[in-house]
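Step one of this worksheet: look at the structure below.
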Amino acid sequence: FTRRSISSNLLRAVTRNSHTLAFLETSGSTLTPASLSALTAAKEIKKPITALLVGPNAKDAASSVAEFEGIEKVLIQTDKRYEHYLPEQITPLVVSLLQDSSKDISSFIIPASAVGKSVLPRSAAILDIQPLSDIIKVVDPSTFVRPTYAGNALLTVKSTDKIIMTSVRGSAFPPADEKSASPAPIEEIAAVDTDCKTVFISEQLMKSDKPDLSSAKIVVSGGRALKDKATFDSLLNPLAEKLGAAIGASRAAVDDGYCDNSLQVGQTGKIIAPDLYIAIGISGAIQHLAGMKDSKVIVAINKDEEAPIFKIADVGLVGDIYSIIPELTEKL
Ligand code: FAD
C-alpha cells in the first residue's frame with residue numbers, strides 16, 4: 001500500500017462508521033410524534049444515531065430518548081435560549097456540531113415540522129449543502145424518495161454531499177418504539193453564542209379536547225359545503241366525538257372562516273395519513289388530495305357523483321351531508 005491508499009482506506013472505514021445526527025423535538029418530557037417518525041427514518045439510514053435535544057425540557061426527555069434502539073449517544077443543551085426552538089438560535093448549534101470532525105457526522109435528519117422547515121435550509125445554506133426536504137422513503141444512506149408537484153410525482157434523489165441533510169415527512173414513517181436493553185450515554189454540550197436579534201415574545205396555541213390533527217388515527221374533515229362556522233361545528237363535532245376523531249378542513253372552509261387555519265389539510269396545510277379520513281362536502285382538488293391521499297381508508301360524502309374526491313375514495317356516499325351526517329352520527 002502506498003501512503004495515499006492507506007489513508008483513503010482509512011477514510012472509507014471512518015465514513016462507513018460515521019454517525020447520523022438526529023435533531024428531535026420534545027413536548028414536555030416526550031418526543032413529538034413527528035420526531036418519533038424522524039427517528040424511524042434515521043434508523044433506516046443504518047448508521048449509529050446521535051440524538052440532539054435542546055431547550056429546558058431536554059434533560060427530562062433525555063433518559064427516555066436514550067433508551068431507543070439505534071441511538072448511540074444523546075446530546076443535550078438545556079439553555080433557555082433554545083426553549084422556543086427559534087431557528088436563529090438552533091441553526092448555529094446544529095452547524096457547529098456538523099462542522100465538528102470529532103463528532104464524525106455524515107447524515108443529518110430533522111422532522112419536516114415548522115422547526116425543521118426553518119432549520120434545515122438555514123443550516124444547509126451555511127454549509128453549502130443541497131438539503132433534501134420532506135423525504136418519504138430511505139432507499140440507501142444517500143438515496144431518498146421525496147414528493148414533488150404537490151405529491152403528484154415522486155423523485156428519487158441521490159446526494160453526493162459530504163453531509164447528507166434531510167427532513168422527514170412524519171406521515172410516511174411509523175413512530176419509533178423499539179427500546180434497547182442498554183440506554184445510550186447522555187452528554188451535555190455547550191451552547192453556541194450568536195448575535196441573534198430575534199426575540200420570542202408570545203405564542204397563541206389552539207386549545208382543543210380533540211386528538212391532534214397531525215397524529216390522529218381518524219380525521220373528520222369538512223369543506224365549503226358546511227356553509228358557516230356554526231354549521232361546521234354543529235355537524236362535525238358530534239360525529240368526531242363519536243369516533244374519537246380529530247377535525248380537519250379544506251382550504252375553502254378555512255378561508256371562509258368556518259374554522260381555524262391550523263385545521264387545514266393539503267398542500268399548504270397539514271399532510272396527514274390517518275387510518276380513516278372522512279371527507280365531508282369536499283370536492284377533492286389536487287391541493288387538498290396532496291394532504292390526505294395516503295390515508296389508509298378514505299370515505300367521501302358528496303352530493304355530486306362526479307366530484308374528483310370519489311376517484312381516490314375507498315368508500316363513496318353520494319348524497320346530502322345535511323341528512324347523511326346526522327343519520328350516521330345517530331347510528332354510531
Ligand atoms: P369546493 O371545491 O367548493 O367543493 C365543495 C363540495 O361540496 C362540492 O364538491 C359540492 O358538490 C359539495 N357539496 C355542496 N353542498 C353539499 C351538500 N349539501 N351535501 C353534499 N355535498 C355538498 N385546498 C385545500 O383543501 N388545502 C390546501 O392546502 C390547498 N392549498 C392550495 C394551494 C394553492 C396554491 C391553491 C391555488 C389552492 C389550494 N387549495 C387548497 C384550494 C383548492 O384548490 C380548492 O379550492 C379547495 O380545496 C376547495 O375546497 P372544497 O372542496 O371545500 O370546496
Side-chain angles (χ1 to χ4, degrees), residues 34 112-114 116-118 133-134 136 146-154 167 169-172 206 210 212-216 218-240 243 245-274 276-295 298-332:
S113 58
K117 283 176 182 168
S118 206
S133 56
D134 228 8
I136 58 167
R146 60 179 299 269
T148 187
Y149 298 118
N152 286 302
L154 298 178
S167 64
R169 180 175 287 192
S171 59
M206 271 269 297
K210 300 205 171 49
D212 173 49
L213 176 59
S214 301
S215 53
I218 305 178
V219 173
V220 166
S221 208
R224 202 194 308 266
L226 274 305
K227 285 193 202 138
D228 53 39
K229 181 168 168 37
T231 317
F232 186 94
D233 288 343
S234 65
L235 217 58
L236 298 195
N237 282 341
L239 178 60
L243 292 168
I247 291 194
S250 71
R251 176 153 153 187
V254 169
D255 286 352
D256 290 350
Y258 306 176
C259 60
D260 189 82
N261 66 8
S262 62
L263 301 191
Q264 185 176 318
V265 173
Q267 183 186 338
T268 41
K270 298 217 162 76
I271 294 169
I272 56 174
L276 173 63
Y277 186 85
I278 308 182
I280 298 169
I282 293 177
S283 61
I286 53 162
Q287 296 90 352
H288 187 78
L289 303 188
M292 45 63 74
K293 67 178 168 40
D294 292 328
S295 305
I298 298 171
V299 174
I301 306 170
N302 197 303
K303 68 178 180 187
D304 172 12
E305 63 180 64
E306 300 291 327
I309 190 83
F310 287 129
K311 291 204 180 95
I312 63 150
D314 299 286
V315 178
L317 207 46
V318 179
D320 185 354
I321 57 168
Y322 292 98
S323 55
I324 290 174
I325 300 304
E327 192 185 338
L328 180 60
T329 309
E330 176 66 31
K331 284 190 169 147
L332 281 166

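Just follow the structure's listing: the first ligand is 1, and inside any ligand the first atom is 1.
The residues D134 and R169 are annotated as salt-bridged, a charged nitrogen and a carboxylate oxygen being separated by less than 4.0 angstrom.
For S133, the side-chain hydrogen bond (donor to acceptor under 3.5 Å, both in side chains) partners two or more places apart in sequence, or in a different chain, are R146.
Atom CG of residue L236 and atom CD1 of residue I321 lie 7.5 Å apart, to the nearest 0.5 angstrom.
No donor-acceptor contact under 3.5 angstrom links the side chains of S323 and D320, judged on distance only.
Considering L239, L317, N302 in turn, L239 is the only one that fulfils the side chain to side chain contact (heavy atoms under 4.5 Å, CB included) rule with I280.
Taking the ring axis of Y322 as reference, the NZ or CZ atom of K227 stays within 45° of it and closer than 6.0 Å to the ring centre.
For ligand 1, the protein residues placed under 4.0 Å by at least one non-hydrogen atom are G223, R224, A225, S250, R251, A252, Q264, V265, G266, Q267, T268, G269, G281, I282, S283, A285, Q287, H288, N302, K303, D304, G319, D320, I321, Y322.
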